[in-house]
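When reading the values below, keep in mind they use all heavy atoms of this one structure, side chains included, and skip hydrogens, waters and symmetry mates.
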Amino acid sequence: MAAAATPGVAEQTPGAAPRGAVPFDLSQAPNIEGFNPLPKVKDETFKEKFARKTKENPFVPIGCLGTAGALIYGLRAFHQGKTRQSQLLMRGRIFAQGFTVVAIIVGVFATALKPKQ
């Protein structure tokens with residue numbers, strides 16, 4: 001009976017962390033089983049990323065430019081007192097915004113369905 005454990009002392013396994021200690025190291029990224037992050041090839045500049053995204057989905061910038069153009073010309077016509085032209089351009093702006101949203105959604109689906117390289 002001399003080999004029996006003392007009732008008030010809990011046994012610790014060699015791999016267990018002591019009480020009060022954090023079970024993981026905050027200075028390193030967590031190790032998630034089954035997840036292998038892809039290494040970053042290089043950092044892109046704003047121009048490079050814009051060019052790449054425009055090549056992937058060219059209709060989004062076209063829709064943005066159409067929206068901005070209709071808004072600017074519509075506000076100019078409103079300022080000049082041409083209410084009919086202003087109303088038509090604001091309706092055109094709504095159409096261009098809808099076109100842009102649809103282009104974004106189609107681009108997201110196309111990217112999701114594209115096979116990984």
Checklist entry - Of the non-hydrogen atoms in Ala70 and Met90, which two are nearest, and what is the gap between them? => result O-CE, 4.0 Å
Item to check | Intermediate values then yes/no, salt bridge (charged side-chain N to carboxylate O under 4.0 Å, His left out), Arg52 and Glu48 | outcome: CA-CA 6 Å; Arg52 181 177 55 87; Glu48 292 171 342; over 6 Å; no
Checklist entry - At their closest point, which heavy atom of Ala103 faces which heavy atom of Asn57, and how far apart are they? => result O-ND2, 2.9 Å
Checklist entry - Between OG1 of Thr67 and CD of Gln97, what distance do you get to the nearest 0.5 Å? => result 5.0 Å
Next on the checklist: So which atom in Phe99 and which in Phe59 form the shortest heavy-atom distance, rounded to 0.1 Å?
Outcome noted: CE2-O, 3.6 Å
Checklist entry - Do Tyr73 and Arg76 have side-chain heavy atoms sitting under 4.5 Å apart? => result yes
Checklist entry - Once you round to the nearest 0.5 Å, how far does CZ of Arg93 lie from CG of Leu75? => result 8.5 Å
Checklist entry - salt bridge (charged side-chain N to carboxylate O under 4.0 Å, His left out) with Arg84: which residues, sequence neighbours excluded? => result none
Next on the checklist: Tell me if a side-chain donor or acceptor on Ser86 pairs with a main-chain N or O of Lys82 at a distance below 3.5 Å.
Outcome noted: no
Checklist outcome for this item: Of all heavy-atom pairs linking Thr100 and Val60, the shortest is CG2-O, 4.1 Å
